[in-house]
Amino acid sequence: MLNSKIIERDLSVLWHPCTQMKDHETLPLIPIRRAEGVWLEDFEGKRYIDAISSWWVNLLGHANPRINAAIRDQLENLEHVILAGFSHEPVIKLSERLIEMTPPYFTRCFYADNGSAGIEVALKMSFHYWRNQGQTQKTKFVTLQDSYHGETLGALAVGDVALYKETYAPLLMETLIAPSPAGCYAESGESYEDYARRQFEQMAVLLEQYANEIAAVIVEPLVQCAGGMRMYHPVYLRLLREVCDYYKVHLIADEMAVGFGRTGTMFACEQANIVADFLCLSKGLTGGYLPLAVVLTGEEIYQAFYDDYTSLKAFLHSHSYTANPLACRAALASLEILAEDKVIENNHKLAQVMAEVTQSLREHPHVGEVRQQGMILAIEMFKDKAKKEPYPWQERRGLRVYEYALDKGALLRPLGNVIYFMPPYVITPAQIRQLAAIAEEGINRATEN
Ligand SMILES: *Cc1c(COP(=O)(O)O)cnc(C)c1O
């Protein structure tokens, strides 16, 4: 079978996500027939290393035999059932497991069926908690510059990536935006920590000024992924936790992209030694198999909704596929592998290899920064390295790297001019070296004129 036949059929009936479809007049679509481990294979047998874990969801490789077996087993018993008024063992076990592996504060799991929906849950729950407490004036949310929390209208409103947000601005609730703590913006010579501390001052002012109207601050702990893999020092989270406590504002940790070992610890918040009021998980939760999201919270918040039906305090939010049993079994299998195989410990070695093989890129005349947090490594290209002057976005330099990498057998989908590795944890040191070589040559070519 030829790729071209499949592509033709695809392009006559599909509308792809996050894509200007006209690009496909020149940019080939890649139809995938099968996948295994880090490898994706197209219809002509060409293989690609999935260096971005298929949009950051895959943790333990494609077609992982243990996750496959868990889903097959579940399929024989129960594929899905309504979760309102009904329950099933996979969701109970998964909730027990999540509560056991997170700080003692977390005692309740509320499920949704994708990440954006999970963010909507956290936002509504925070607002609704304050309302149930008689604090109806707490209607605002604070977010960080460059943050990303999904694409549905509520999630988009608390994000700050202009490319996705600007068009829909007239439809979105207003949010307060605090300046970025990300070290890539620091003055030369200023440390990530000093910059985070300095930037925090403006967050503190915002909270002081509006605390009475603010329900929650929402952050992506340590790495703002979709905003360009921008990383910041954990001290920012520590300061934020203190100030949120002081002003009685919730802290929502969106660990959808960074949870489950991505940043080097099971959860990114651990590195700041803080506990959020709401912890949002998705993406890697099921090992990248099936859509599922969960919002964990504590007993005090849960109890604020617990009352006679006629008090109308209940959280009446739902999604059709809430806590789908197949997805829950995939999640349980994935969590079991993470624990049994000491995956996060082993990742430290892989992260070390990623650092080593990209060392030479730091000297590249058009690479402004190589930054890393655990199993995420990002390389930012600049037109003028010294001035950190970006290439005009219209030149789509990142896309050139993408096309070169595809040709060489790697899926390196950039974010603008940021090329990054966010591979499944089953990648080998040799495959990391191969990726780095492809990225380096791709960057050479993309920046040579
Ligand atoms: C991907 C992502 C989301 C949204 O999840 P979807 O399942 O794509 O809707 C929310 N927050 C963060 C930090 C993400 O990376």
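What you see is a predicted model, and the numbers here were worked out from it, not measured in a lab. Numbering of ligands and ligand atoms starts at 1, following listing order. In this chain, numbering begins with 1 at the start of the sequence shown.
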Residues lining ligand 1 [heavy-atom distance under 4.0 Å, listed by chain and residue number]: Trp56, Asn114, Gly115, Ser116, Tyr148, His149, Gly150, Glu220, Asp254, Met256, Ala257, Lys283
Check ion pair Arg97-Glu100 (N to O, under 4.0 angstrom): yes
The single option from Cys244, Ser126, Pro221, Cys269 passing side-chain contact (heavy atoms from CB on, under 4.5 Å) against Leu251: Cys244
Aromatic ring pairing Phe110/Phe315, orientation class (parallel under 30°, perpendicular over 60°, tilted between): perpendicular
Arg396 with Asp23: basic N within carboxylate O range, under 4.0 Å: yes
Heavy atoms of other groups near Arg362 CZ, more than 12 under 6.0 Å: yes
Tabulate below the donor-acceptor pairs under 3.5 Å that side-chain atoms of residues 173-184 make, not counting sequence neighbours, or state none.
from   : atom 1 : to     : atom 2 : distance (Å)
Thr175 : OG1    : Ala157 : O      : 2.9
Ser180 : OG     : Ala182 : N      : 2.9

